[in-house]
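As the structure lists them, so they are numbered: ligands from 1, and atoms in each ligand from 1.
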Amino acid sequence: MTFEKTSGWLDWYQGPSRPKFKVPAGAVDAHCHVFGPGEEFPFAPERKYTPCDASNEQLYALRDHLGFTRNVVVQATCHGADNRAMIDALVNSGGKARGVATVKRSVTDAELQAMHDAGVRGVRFNFVKRLVDFTPKDELVEIAERIKQLGWHVVIYFEAVDLPELWDFFTALPTTVVVDHMGRPDVTKPVDGPEFELFVRFMREHGNVWSKVSCPERLSVSGPPALNGERSAYRDVVPFARRIVETFPDRVLWGTDWPHPNLKDHMPDDGLLVDFIPHIATTPELQRKLLVDNPMRLYWPEEK
Ligand SMILES: O=C(O)c1cc(C(=O)O)oc(=O)c1
């Protein structure tokens, strides 16, 4: 099947620079996606956008180019609950990728076990209105209870303004809970203002909550974009990410978010995104926790 991309779609950046920042040995890109290829793994009928193709070979070439060792491939919403493209990426990774799936209540125990065997270790619950139609909470609770038996965790994606309303649901989840992109703070608001304080409190009061300190390219308002060798990209995001890394050094993850779905303004050079890391994790110890120890503990515990 051939697909026409959503109008204005920005394709991932070709020929990224080689990062100046050398990631520690064994580093994990803990948030990235594959798209199709649509011919082989069609996009879901209920999708809210149609992307360009972004194959697992292209993802793993980027991994090697950036100096990373492993990936966590997160099911993208354009594939709905059809996890075949993501699973195909895991089984073709030589054990170097783990995955996060999207499932429905109708998923069977045998299907969950097969996903586990392929390397899936979590499910994603999405509350971003432009990306999905919501799944009823009772269905999500049921799924969370079932995947808990497999030792999996729940990844949640939401916008900062929605945290108060979702608080009771999130804090009742029975597993480790990993927040995508710091719960999308509005970085024009103060880092110690009420909105971000609520997010910090969410993590402080709930030791099972982790955060990905990813996506400065999505969250930044003032830029400048990570393009053309720019060394000072996305500085407005630094205080937010740094606060989370320094306050919760053992519960943070980092990922490229390649191939960066739905960016409207520019497509970042992934090499320069890696060069953003030392601004948010400022010591070798923090960098090792963020890029190696934490993702290994969550996704490859048997190797620790
Ligand atoms: O902000 C987004 O548009 C976005 C979309 C998806 C997805 O479609 O799965 O994943 C992300 O991590 C971010």
Side-chain angles (χ1 to χ4, degrees), residues 3 5-13 28-36 38 41-56 59 62 71-87 89-90 97-104 120 122-135 140 153-163 177-187 210-221 225 234 237 240-241 252-268 270 273 295:
F3 291 91
K5 293 183 277 188
T6 297
S7 116
W9 185 266
L10 296 181
D11 292 359
W12 46 276
Y13 188 87
V28 182
D29 175 353
H31 185 98
C32 49
H33 311 283
V34 288
F35 298 150
F41 301 110
F43 303 114
E46 72 273 23
R47 69 190 179 280
K48 305 281 186 199
Y49 63 86
T50 307
C52 62
D53 287 332
S55 71
N56 61 60
L59 174 63
L62 179 73
N71 298 87
V72 179
V73 186
V74 176
Q75 174 74 355
T77 58
C78 56
H79 280 292
D82 175 352
N83 293 283
R84 283 176 297 167
M86 183 272 292
I87 299 277
L90 304 189
R98 293 254 140 112
V100 174
T102 295
V103 302
K104 297 193 165 133
V120 173
V123 290
R124 192 179 199 203
F125 295 168
N126 203 316
F127 300 89
V128 178
K129 298 176 185 79
R130 74 186 155 79
L131 294 174
V132 289
D133 297 323
F134 291 170
T135 305
L140 297 177
H153 58 270
V154 173
V155 173
I156 52 178
Y157 191 23
F158 61 92
E159 315 251 6
V161 288
D162 296 322
L163 180 56
V177 173
V178 182
V179 178
D180 277 341
H181 319 325
M182 296 187 285
R184 295 195 60 110
D186 176 348
V187 300
W210 295 40
S211 179
K212 293 178 195 164
V213 287
S214 41
C215 279
E217 74 284 7
R218 261 180 216 295
L219 302 174
S220 181
V221 174
Y234 315 132
V237 182
F240 292 81
V252 283
L253 301 170
W254 185 88
T256 53
D257 193 38
W258 188 90
H260 310 285
N262 302 311
L263 291 184
K264 296 280 178 258
D265 173 74
H266 70 284
M267 184 52 62
D270 294 279
L273 273 186

> Got an N/O contact under 3.5 Å between Thr77 and ligand 1?
Replying inline: yes
> Can you tell me how far CH2 of Trp258 sits from CG of Leu273, rounded to the nearest 0.5 angstrom?
Replying inline: 13.0 Å
>> Using 0.5 Å steps for rounding, measure from the CD atom of Gln75 to the CE atom of Met86.
In response: 5.0 Å
> For ligand 1, does Leu131 get within less than 4.0 Å through its side chain, its backbone, both, or neither, judged by non-hydrogen atoms?
Replying inline: side chain
> Under 3.5 Å, is there a donor-acceptor pair between the Asp29 and Thr256 side chains?
Replying inline: yes
>> With a 6.0 Å cut-off on the ring centroids, do His79 and His33 count as close?
In response: no
> Hey, which of Asp270, Leu10, Asp11 is the one that makes side chain to side chain contact (heavy atoms under 4.5 Å, CB included) with His260?
Replying inline: Asp270
> Is the shortest distance from a heavy atom of Asp180 to ligand 1 less than 4.0 Å?
Replying inline: no
>> At under 4.0 Å between heavy atoms, is it the side chain or the backbone of Val74 that contacts ligand 1, or both, or neither?
In response: neither
> Under 4.0 angstrom from ligand 1, any heavy atom of Lys48?
Replying inline: no
> For ligand 1, which atoms have a heavy atom of Arg184 less than 4.0 angstrom away?
Replying inline: 1 (O)
> Which residue, Phe158, Phe240, Tyr157, Trp254, forms the ring-ring contact (aromatic ring centres under 6.0 Å, His included) with His181?
Replying inline: Tyr157
> Got an N/O contact under 3.5 Å between Arg124 and ligand 1?
Replying inline: yes
> Where the closest heavy atom to atom 6 (C) of ligand 1 is concerned, which of Ala76, Pro51, Cys32, Pro261 has it?
Replying inline: Pro261
> How about Asp180 and Ser214: do any of their side-chain heavy atoms sit closer than 4.5 Å?
Replying inline: no
> Which is it for His260 and ligand 1 at heavy atoms under 4.0 Å: side chain, backbone, both or neither?
Replying inline: neither
>> Looking at non-hydrogen atoms alone, which of His31, Arg130, Gln75 comes nearest to atom 12 (O) of ligand 1?
In response: His31
